Structures are given as C-alpha cells and as structure tokens.
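Reading through the structure tokens given below for one structure.
Just so we're clear, the structure is a prediction, and the values are computed from it rather than from any experiment.
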There are 2 protein chains.
Amino acid sequence: MPMGEYQPESERINESLKSLGLTKYEALVYMALLQVEGATATEIHEISGVPRASVYSVIDKLIHKNIVNISNTTPKRFSAVPPDEAVRSLMGTIKNDADLALNVLSNLYETRQNRSEGRQEFIWSISGQENIKLKLKEALISAAKEVFLMSKWDFIEDSLLNTLYELNSSVRVEIVTDKWEKKIPSNTNVLLLKEFNKCNAKIANSASGVYIIDKKKVLLIMDSESDEADTSALYSESYGFVNFFLTYWNFVNRHLKHSHETEIISSD
Amino acid sequence: MPMGEYQPESERINESLKSLGLTKYEALVYMALLQVEGATATEIHEISGVPRASVYSVIDKLIHKNIVNISNTTPKRFSAVPPDEAVRSLMGTIKNDADLALNVLSNLYETRQNRSEGRQEFIWSISGQENIKLKLKEALISAAKEVFLMSKWDFIEDSLLNTLYELNSSVRVEIVTDKWEKKIPSNTNVLLLKEFNKCNAKIANSASGVYIIDKKKVLLIMDSESDEADTSALYSESYGFVNFFLTYWNFVNRHLKHSHETEIISSD
DNA sequence: TAAATGTTGTCACAAAAATAACAACACACA
DNA sequence: TGTGTGTTGTTATTTTTGTGACAACATTTA
C-alpha cells in the first residue's frame, strides 16, 4: 500500500477497540465479520487483511471473549455477535475487573502509611480536569472558616456553585469574578470586576482561578496555553506558597474595593 | 526470583488492572503509591520492585492517565489519586472508547452483506451464558405459531418466564419441565416430569434444554461437563437438525403423555 | 479411476513492536 | 567527597504480528 493511506478513522477505531481489550488483529477480524455474515477464514482474511493462518487463532480468542460464534461446517464459518452486545459484553468483563481491582486497591489505600506531616510542605501538580475539580471540591468542603476564590463566572456556575451552596454557613466566602447570575450563597461577598475578561480574554471557557481555604490551602488552576482540555493545577499547604497567594489576594482585594470598575454585592 | 513465588492474589489484581489499560509496571507503581503517600522514586522502587530507572517513565504514563500527581520538590514526590477516583477515571476513558467504537461498528453492521439464504444450513456454536440467553430470547420472540421447549424449571423461571408471558397469544407453547410454581402463560401446556432431575442430576443449576420454534429453528443448550460457567449451545435452522429434534420431541412427548409419572397442566 | 489442482485447518517459527530491566552519567546536596 | 536523584541510552523479554510449510480433504480433469 503506497501513498499516505490516510486512515485516521481506522486508526481511531483500532485504538478504541484496543482499550476494550482487543488486539489489532482481533479488531480487524471482528470488523470483517460484522460486514459479512457467516464468513469463512479465507473471506475474513481477504476483507481484513489479516494473514489467513492467523485468522484461526484470532477467532479463537474472539470466541473466548464471547463476541464471535462458529459453525460446524467445512469450511468453518464464523459470525459476529451484534456490536451493541459485543461492546456490552466486553465492557462487562472490564467492569468486573474494575470492581475486583477496586476492592484490592481500597484495602491498600486504607492501610497506607500516613505521612501527612511532611505532605504539607510540597507543591503538587494535578493534571486532568476531573481530578482538579475533585480536589477543589474536597478542599472547599474541608473549609472551616473562610474561603477566598477568584475565577470566571462560567466556571463557577458550571463546577462550583452547588458546592458553594452546600458549604457550612459559618464559612465566610469571598469571591472575585466577572459576573453573577444566580442566588448568592449565604455568608458570601462577591466582587464583580467587569474587566476580568480582558485579563485572560484569550480563552473562552477558562477554568483558571485561585482558591484559598482557611488561609492554609491553595489551589491554583491554570489553563494550558495550547490545549483547552489539558488544564493543570497546583495544590499546596506549604507556608510560603499559601502566603504568597494570601498577599496577592489582599493586594488585589484592596485595589478592587476602591475601584470604580468594581461592584460589590453580598448575600446580606 | 527462585522458588514458586506463589502470588495468585497479585496475579489476579495485575490482570484486572491490565484490562483497565495499565501495564504490569504501571499497576505495581500505582499500588505502591497507594500504600505510601508522597513517595519518592526510590521508595516506589523499593516497595514495588520496579527498577528505579523505570519508575520515572512509568509515572509519566500514570500522570497522563490522571491517576498520579507529582510534587515540585527535589527529590520529586508522587501521590496516587484515591482508588475509587482512579478506577472511575480509567473506566471513563474506556467507556468513551466503547461509545466511539460502537458508533463505527454499528455502521459496519448495518451495511453488512446479507447472506441469510445460506445461513440457515449451518449449525452455529454459541458460547457464553449471556449470548445464549440473548439468542434464545430472540428466537422465542420471533415465534409465529408454536414453541416446544424442554428445560429445568430453575432455568425457565430465571431466564425465560418473562419472555414466555410476553409471547403473542396465538403462539402455542408446549413445555416439558420438572416443576412449575408460577402462573401458566396463555395458550400453554406444561408436562411435569418429576424424574426430570434424575436424568441430569449431576448439575445443580443446569441450563441445558431444547427449544424448537415453529418447527424451523432449534436451540440446544448444553452444560459443560466441568465448568458451570462455560455453557455452550447449538443453534440451527437446517432441515436435518430441526427434524432430528422434532422427531425426538414427538417421541418423548408420546411416551410422557402415557406415563404415570407425568402430570399435565395447562393454562385453560 | 487416477492424477492434478485447489482449499482448509494446523503448526512451527520468523519479524516487529511493546514492555521490562539494566547500566551509565550528570547533577544536586550535604 | 560521597550518597542519592533524575535522565538517557542500550539490552533482554514478552507479546503481537506475519510467513511458510504441510497434512487432510475436496474438486476437477484426463
């Protein structure tokens, strides 16, 4: 096959099936069988490009995975179970493994050595939107006294608001953002800074922001310059790190409160 | 490593994590990190047995999979995302791939070449409990006139009864089984054969049975002698196959109806 | 019928890719 | 200076992919 043979589609589907536990050949054979019902080994070979001699062993594996059936004729003929059933079946065994793994892993996790003393001196890089949101939620819920946060409204509304409503009402919350369109949670001050957008206007759906919990924990979320999906965050309880952001917060706050561009609203 | 090193547990968990997309090393390192929070590369190496030099590249992969975070200290320290989140995250990406795959596969399946003419001459081996039950249900639902079935009550109650209740009432159903404890579906005759158990008493929870649909399709379910889980079935629309079982059915039926051991009940 | 031809299922093993393991080295830090 | 870290590159080992040979049959042809 000369030329570029540009088959991003084919590549993608192969990748997908790989993560369902199929090898390249298994994927190709299964796809061939979907196209031609009751194909022989030779036909499968012709359609899929998998070497004829390899078809048999590959089929064996697929039969064990319960996504291919076999006839008793000569030549043997093979048929694929419908894709929805196949995917469901494969996902099922994966789910099983996941549950099994989760059991064992949870045990390990519970009996782990706690070095939380030292932990607080480190600055942790967290990657992955989901991870970051989870860490953020965890940190917010742990708040005892006060939370300072600075972030765009879109992100607050999307990922934060529910958590904020659920905070213990004894926790004072100070928020700096660009707009506010919902009910303001109890014990909360909101500083509306309309030019917020100008500061990081580049990215439409920015998740970036700073979160300071009880003057002890800081989570700093940063957009990646290139890839929107690849957000990263820093989390720390270290004195220096927290202190820097506290100072930063105070500075910004003082300026904003005296600016004409700023509007202050609160839950009272 | 001499000696047996008998670690079935460790093997199992490794297999499980493998189907979640982790390699052996990735699994080992992640498990080590669960045990010791904020471990260094060397500590990970000591706990997991993974060569120290490999730890770094393995960690990189785990970070990309969003199940490990990293500190900015020297030496670098690493921490694991809690197992429930990690498994959820891994399952999530797999689910994504599954959906993507299902899309493409469904397309292939819909545009497949239909060779249903020839298909009916084959006898298909179907493996996997789920597959078999699905095929059975499909066949039953397709019934237009009559269904003959012979199977143990446990299996009927467990996997068949709902389908039977939902059959079109114009379909006549004849059942041979060992007992009947629920309402009898409409247009149905049940032949109770109390010594049914003696015939295949070996297996407690037997799924084996014969199903004849419209005198055209036969599904024969067989228990595997050794492994209960590894049931297999034959399905065919071929004349010879169907005929054999029709004859068999008639023979058995005639005998049973005149036997003192048999009790006949019906929905009328 | 017998020889020639073609197809199927199986096996053994070669080639390539992915993982795993090791060795070497530059660098930091005490 | 010496110990331990982080990085790189090279070498096994394992898994997957690919090839060729072959016996068992079936089909054609003479």
Side-chain angles (χ1 to χ4, degrees), chain A residues 1 5 10-11 14-15 17-33 36 38-65 68-79 118 121-123 125, chain B residues 1-2 5 7 10-11 14-15 17-33 36 38-65 68-79 118 121-123 125:
Chain A
M1 48 191 77
E5 280 277 338
S10 173
E11 291 291 312
N14 254 4
E15 279 306 304
L17 287 174
K18 217 174 246 177
S19 71
L20 288 176
L22 302 190
T23 69
K24 190 169 142 198
Y25 276 13
E26 288 167 357
L28 287 170
V29 167
Y30 178 69
M31 290 196 287
L33 275 176
V36 180
T40 66
T42 305
E43 287 168 336
I44 293 172
H45 152 67
E46 284 163 356
I47 298 169
S48 66
V50 172
R52 192 181 64 85
S54 302
V55 169
Y56 297 94
S57 57
V58 171
I59 287 269
D60 274 351
K61 291 189 212 149
L62 291 178
I63 288 176
H64 276 110
K65 289 176 181 166
V68 160
N69 296 322
I70 180 175
S71 85
N72 70 332
T73 55
T74 40
K76 290 177 181 171
R77 288 178 179 272
F78 308 96
S79 81
E121 278 314 306
F122 306 134
I123 298 170
S125 300
Chain B
M1 47 190 74
E5 283 276 339
Q7 295 178 323
S10 174
E11 290 293 311
N14 254 3
E15 278 307 304
L17 287 174
K18 216 175 246 176
S19 69
L20 288 176
L22 302 190
T23 68
K24 190 169 141 197
Y25 275 13
E26 288 168 356
L28 287 170
V29 167
Y30 178 69
M31 290 196 288
L33 275 176
V36 181
T40 65
T42 303
E43 287 168 335
I44 293 172
H45 151 68
E46 284 163 354
I47 298 169
S48 66
V50 171
R52 195 181 59 84
S54 301
V55 170
Y56 297 95
S57 57
V58 171
I59 286 271
D60 275 349
K61 293 188 210 148
L62 291 178
I63 288 177
H64 275 111
K65 290 177 180 166
V68 159
N69 295 322
I70 180 175
S71 86
N72 69 333
T73 53
T74 41
K76 292 178 180 170
R77 288 176 180 272
F78 309 96
S79 81
E121 279 313 306
F122 305 137
I123 298 170
S125 301

What is the distance from atom OG1 of B:T23 to atom OH of B:Y30, rounded to the nearest 0.5 Å?
14.5 Å

Could you list the protein-to-nucleotides 6-10 of chain C atom pairs, N/O on both sides, closer than 3.5 Å?
residue, atom, partner, partner atom, Å
C:dT8, OP1, A:T42, OG1, 3.4
C:dT8, OP2, A:T42, OG1, 2.4
C:dG9, OP1, A:K76, N, 2.4
C:dG9, OP2, A:Y56, OH, 2.8
C:dG9, N7, A:R52, NH1, 3.0
C:dG9, O6, A:R52, NH2, 3.2
C:dT10, OP1, A:K76, NZ, 3.4

So CG of A:L62 and OG of A:S57: to nearest 0.5 Å the spacing works out to 9.5 Å

To the nearest angstrom, how far is B:I70 atom CD1 from D:dT7 atom C1'?
13 Å

From CG of B:L17 over to C1' of C:dT19, roughly how many Å is that when rounded to an integer?
16 Å

Residues which pass side-chain hydrogen bond (donor to acceptor under 3.5 Å, both in side chains) with B:S48, listed by chain and number, not counting sequence neighbours:
none

Before you tell me yes or no, could you show the steps for B:T42 and B:T40 under side chain to side chain donor-acceptor pair (under 3.5 Å), namely the whole-Å CA-CA distance, both residues' side-chain angles and the distance that decides it to 0.1 Å?
CA-CA 5 Å; B:T42 303; B:T40 65; 4.6 Å; no

Specify the separation, in whole Å, of atom NZ of B:K18 and atom P of C:dA18.
16 Å

Interatomic distance where CD1 belongs to A:I59 and P belongs to D:dT16 [whole Å]
17 Å

Grab the NZ-P distance between A:K61 and D:dT17 for me, whole Å please.
7 Å

What is the separation between atom CG on A:L22 and atom C1' on D:dT17, rounded to the nearest whole Å?
15 Å

B:D60 CG to C:dT19 C1', straight-line distance once rounded to whole Å
16 Å

Let me know the distance between NZ of A:K24 and C1' of C:dA15, rounded to the nearest Å.
13 Å

Given side-chain contact (heavy atoms from CB on, under 4.5 Å), test B:I63 with B:N69 step by step and report yes or no.
CA-CA 6 Å; B:I63 288 177; B:N69 295 322; over 6 Å; no

Can you see if the side chain of B:T23 gets near the phosphate of C:dA20 - specifically, an N or O under 4.0 Å from OP1 or OP2?
yes

Distance col, row A:L33:CG vs A:M31:CE, nearest 0.5 angstrom, shows 11.0 Å

